[in-house]
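Okay, structure first, notes after.
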Amino acid sequence: MPQEHRLILKHADQPGYTPDMECYLRHGGYDALKKVLALAPKDLPDGKKVSPQEQVREDVKSSGLRGRGGAGFSAGIKWSLVDRRSGKPIYLICNADESEPGTFKDRQIIHKDPHQLIEGMILSCWANDVKLAYLYIRGEMPQGAKLLNKALDEARTKNFLGKNILGSGYDLEIYVHRGAGAYICGEETGLIESLEGKRAYPRIKPPYFPAVLGLYMCPTIVNNVETLCHVKHIVNMGPAEYAKLGTPNNTGTRIVSLSGDVKRPGYFEIEVGKVTLGELINDPAFGGGLREGRKLKAVIPGGSSSKILKAGETFKLNRKGPDGQMAKVDVSLLDLPYDFDSLMAAGTMSGSGAIIVLDDTRDIVETLANLAEFYAHESCGQCTPCREGALWMSKALHRMTHGEGRKADADYLLHIAQNIQGRTICAFGEAAAWPVLSFVKKFKEDFETKGAADEAKAAAKH
Amino acid sequence: MSAPATTEAKPASPAAALVPPPPSDKIKIKVDGREVEVPKMMPDWQGKPQPTTMLQACHLAGHEVPHYCYHPKLPIAGNCRMCLVEFGTPQLGPDRKPVLNEDGTSKIAKSVLPYEPTTPRGAIACATPISPGMEIYPNSPATKQMREAVLESLLINHPLDCPICDQAGECKLQEYSVQHGQAESRFVEQKVHKPKAVDLGPRIVLDDERCVLCTRCIRFTKDIVGDDALGIVNRGSYNTIAAWAEGAFDNNYTLNTVDICPVGALTSKDFRFQMRVWFMKETKSLCTSCGTGCNIVVGSREEKVYRYEPRQNDAVNSTWMCDSGRLNYKWIGRADRLQKCGMRIAERGMLEVAWPTALKAISAKLSSAPTGSVAVIASARQTTEELWLLAKLAKKFNALTDSIARNGEGDKLLVNSDKNPNSNGSRVTGIAGPQLGANLAKIADGIRIGSIKTLIVFGEDVTKHGIGVDLLAKLDTLIVSDILPNATTAAAHFVLPGCAHVEKRGTFVNVKGRVQKFMRAVEAPGDARPEWEFLHELVHHVTGQNGFSTIEGLFNQMAREVPGFAGLEWAKLGDTGVTVQI
Ligand SMILES: Cc1cc2nc3c(=O)[nH]c(=O)nc-3n(C[C@H](O)[C@H](O)[C@H](O)COP(=O)(O)O)c2cc1C
Ligand code: SF4
Ligand code: SF4
Ligand code: SF4
Ligand code: FES
């Protein structure tokens, strides 16, 4: 029986667990911080010394931790790309902009266990020689901002933050910054611009890789809330023990936000890759299945930007056979392990860990129109293909859902989306194009039937 | 949270920035199948050496990559995506060494979408540095398709009002649509409507529907001028350029945004609807409103000046000019321009005469003038050649000479506090000392005590500079050349109608010693003649010295005689001039 494995959310929903520091301390809070501050430099056989900070950075790399914000990029490698020779300060930013439709996991941490996030941030800052960090929180989460500010104040009173933390000689300050309400503020370089007080226009890369030219043109690390929390557990458990959670190359746990047409929508923390999509949807421990009489139509597996998967689809995945050899095997949609690599192999992504389930009562064209409207509304408008294309797709879908579809609209939509992906400044281009590309490709009859019906109606009127 | 950030999946790049550059300062790449060697570093918008971009490399290889947002003198934005090009880089094996073809050349891995390896992934040429062995395909089907798609996107919400658009003929949207566009758009939706005829500032009108949101105007205003007046409001397709308050776009450089706007979104209130650009003649010239000497192009038609536009000269004005200089041309066509030679005859007053009559009479007067009885006040708005000829004339009489200082406010960008275009010309030719106007009081005294009997004034109203009408009345002979009437021309015995600089050729020496030439754009009105022409005749009549009757010859002779100009030749000045030590 697949079960939740609560690591990050271990205490969050326990009765009596409160977001204040005393409660956190009673549950082993800030022990990880004390642990790293007590670390000694390690001597290597060749006479070189490895600083405690470097050791923790190495641990994060060997733990296999991958970013939980969307791209699933190795946290350890991201940290290793930071330009440490520039002489400029290094900044760390916690991305708490959580705005991908379907995603509601970071807010659980922020609202129920803010100190865990703060400890994770302090550890990550310490490991990267960061003296100043920002916590960029989505504008629509005022309560979260309040809680975080309160928690930061508490941490300062105990000298977990501020000057000479716990007598270690290490100084760190963390500030909360509230966004003003735009999805694009979650894109890391848009976030950085916004933090600098500008319009959240994502930056071009090259040259503005945050690891080299980030906040105030200084090297900068941007990590998701959940990613930073994991650092605490890697420190506590040790990287080897941590990596036993989950599956190879997909280690640890992650919080899945499950929504849509299931009986028990909600958030569930699982070992990565140890639970399948089907189990997440149907198992009583998770989604509890569809409502009576409904059949599965499709799954959006990693937030609204990820490519939709159609019920009944099968995918070729690399699996170890009984002979120990890797071989391609067919895996059905419901048997897909919920992890980074399997979903990528299925042509989509686990993105922000948000699963949206659609049953057979859903109109695919309507659903896509809804998503397209979101992306048209949220495109920052900086670069041509996304600015013009996102609204164009939304207008076409609006037309289609208002009785003015054309049979040719399916190809029309593909044409527009194809001209966006891969040609934009930031990955929002993909985020906007992928739903359209995947919906239309996989449900082409739905679009063509609807278009043809509208055309027939229009012709009859004449 | 969303899509795999395609850029994040490329950790190689920030690390690459840390690797010290190899010793060679050239990189071999292929552009459109042809191998070229280009510099590893090239100047960026501020002139600082930076890794050469694909766009710069293509340019060196003779391929212009179409672009809207890129401008060589502005920070790179990378937003229009018009410059997307397909490219490939040498394929690396597991050992990080290049994989070779059978013939020993490197195998090229074309850049593709990581999540869709059959689809090429372009790079923006304006911002992407080249690397050794890179191949750029500026004309490949994939590149063309990317361009077509960007153009299609730019046009879907564009009003397509070319017939009434001021930019028509100079519009990059028109030009690229012809070169790179597809015949028809698939767009069948309603266009986005945005504000039209927005009053951005006192000199600028904005049509937001025509704007392609390249942000050139914003970047120029913020990064070059240092004024945060412009920005974008709204979001996505509704993005709209705006000034922070209505009419707030009011620095002294706003009109440059009209030049750099690639479409007809920004128009000059002064120029809009005045003239279709393809009817105009363009003449290389200089601005005369201050000592900076910004290089300009004069737009004219049928002997009328319609506009000044800046012309690139990195030693002087980059590609910019100030608004006050740009708009200071209207006086050229004034109805009260002096158009006839005048000669005052006792009892009969001022008579209109022909040039030979006037010059003969003046020569006669001057030839009989004793040494020391003549003074010359020239203008530092005259050309160097004219000042030099006046200096020659003055020498004959050992005359006191001077020109007049004109000071105002300068700024950090271009405007100089010296409001004469040729103060240095008057210094180098010896008309004035280091301090312009230092001799004026002496000249006034000379007239007062009667030692100076003849005064030659060019291009200045001396009544405003301490030599009032009462003093002028004491002179035996007052010879005045000017363009517009004033109190000095009114008091003159001889009036010689001269030319605005757009009506003649010549040189100015700017505040930094840049000797720059300008060409003739329009004919002078009436009998007005270039001063150097008739001065040359006068010098010949009075001193017997014959020079050259062409501006080239005159300049070259001056360069031989004036120590500060040693080695200069008219032809060698080129379009952007030569700097001399002042
Ligand atoms: C349009 C867009 C929106 C994004 N929004 C978020 C967000 O709300 N939260 C987040 O953590 N990452 C978001 N990301 C991903 C970030 O750019 C970045 O990759 C992430 O914060 C890195 O953290 P991680 O490596 O810990 O996942 C977004 C990306 C894009 C392209
Ligand atoms: S892809 Fe979209 S969201 Fe990203 S910079 Fe371009 S217009 Fe903005
Ligand atoms: S007004 Fe012109 S220069 Fe400014 S953003 Fe629009 S198109 Fe570009
Ligand atoms: S800075 Fe001086 S020379 Fe340049 S345009 Fe302005 S007034 Fe003319
Ligand atoms: S010229 Fe606009 S993106 Fe390169």
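The figures that follow rest on heavy atoms only: side chains count, while hydrogens, waters and symmetry mates do not. Throughout, a chain's letter reflects where its sequence line sits, starting with A, and its residues are numbered from 1.
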Next on the checklist: Between B:Arg235 (side chain only) and A:His377 (backbone N and O only), is there a donor and an acceptor less than 3.5 Å apart?
Outcome noted: yes

Checklist entry - Would you find more than 12 non-hydrogen atoms of other residues, nucleotides or ligands less than 6.0 Å from A:Glu373 atom CD? => result no

Item to check | A:Thr424 portion near chain B, given a 4.5 angstrom heavy-atom threshold | outcome: backbone

Next on the checklist: Does atom NZ (A:Lys407) have a neighbourhood of more than 12 heavy atoms from anything else shown, all under 6.0 Å?
Outcome noted: no

Item to check | Contacting region of B:Val233 [heavy-atom separation from chain A under 4.5 Å] | outcome: backbone

Checklist entry - Taking atom types as modelled and ignoring hydrogens, do the side chains of B:Gln145 and A:Gln418 form a donor-acceptor contact shorter than 3.5 angstrom? => result no

Checklist entry - Taking atom types as modelled, is there a side-chain donor on A:Arg199 or B:Asn239 under 3.5 Å from an acceptor on the other? => result yes

Checklist outcome for this item: In short, A:Arg423 meets B:Arg81 closest at the heavy-atom pair O-NE, 2.8 Å

Checklist outcome for this item: Bottom line for B:Ala123: the part with an atom under 4.5 Å from chain A's heavy atoms is neither

Next on the checklist: Can you tell me which of A:Pro385, A:Cys380, A:Pro207 forms the most heavy-atom pairs within a distance under 4.5 Å of chain B?
Outcome noted: A:Cys380

Next on the checklist: Which one wins on heavy-atom pair count under 4.5 Å against chain B: A:Thr348, A:Ile416, A:Asn419?
Outcome noted: A:Asn419

Next on the checklist: Can you give me the closest heavy-atom contact between A:Leu391 and B:Ser237, atom names plus distance?
Outcome noted: CD2-CB, 3.3 Å

Checklist outcome for this item: Cut-off 4.5 Å, heavy atoms of chain B, and the answer for A:Ala182 is both

Checklist entry - Just checking, any donor-acceptor pair under 3.5 angstrom between side chains of A:Glu388 and B:His158? => result no

Next on the checklist: How close do B:Ile156 and A:Trp392 get, counting heavy atoms only, and between which atoms?
Outcome noted: CD1-CE3, 3.7 Å

Checklist entry - Any side-chain heavy atom of A:Met344 within less than 4.5 Å of one from B:Tyr115? => result no

Item to check | Best-contacting candidate, B:Glu116, B:Met82, B:Gln190, against chain A by heavy atom pairs under 4.5 angstrom | outcome: B:Glu116

Item to check | Contacting region of A:Ala390 [heavy-atom separation from chain B under 4.5 Å] | outcome: neither

Item to check | chain A contact via B:Tyr238 - which portion, at a heavy-atom distance below 4.5 Å | outcome: side chain

Checklist entry - With respect to chain A, which residue among B:Leu84, B:Ile76, B:Leu213 yields the maximal number of heavy-atom pairs within a distance under 4.5 Å? => result B:Leu213

Checklist entry - Is any side-chain heavy atom of A:Arg399 less than 4.5 Å from a side-chain heavy atom of B:Val188? => result yes

Checklist entry - Most heavy-atom pairs under 4.5 angstrom with chain A, which of B:Val150, B:Asn234, B:Ile232, B:Thr128? => result B:Ile232

Next on the checklist: Show the nearest heavy-atom pair for residues A:Arg387 and B:Val212, with the distance to one decimal.
Outcome noted: NH2-O, 3.3 Å

Next on the checklist: Other residues, nucleotides and ligands only: do more than 12 of their heavy atoms fall within 6.0 Å of OH on A:Tyr208?
Outcome noted: no

Next on the checklist: Among B:Ser153, B:Cys69, B:Cys214, which residue satisfies the side-chain contact (heavy atoms from CB on, under 4.5 Å) criterion with A:Thr384?
Outcome noted: B:Ser153

Checklist entry - Can you tell me how far the CD1 atom of B:Ile124 sits from the CD1 atom of A:Ile204, to the nearest 0.5 Å? => result 4.5 Å

Next on the checklist: Using heavy-atom distances under 4.5 Å, tell me whether A:His415 contacts chain B through its side chain, its backbone, both, or neither.
Outcome noted: side chain

Checklist entry - Under a 4.5 Å heavy-atom cutoff, which of B:Pro51, B:Pro120, B:Ala77 has the most pairs with chain A? => result B:Ala77

Checklist entry - In terms of heavy-atom pairs under 4.5 Å, which option from A:Arg406, A:Arg203, A:Lys307 contacts chain B the most? => result A:Arg406

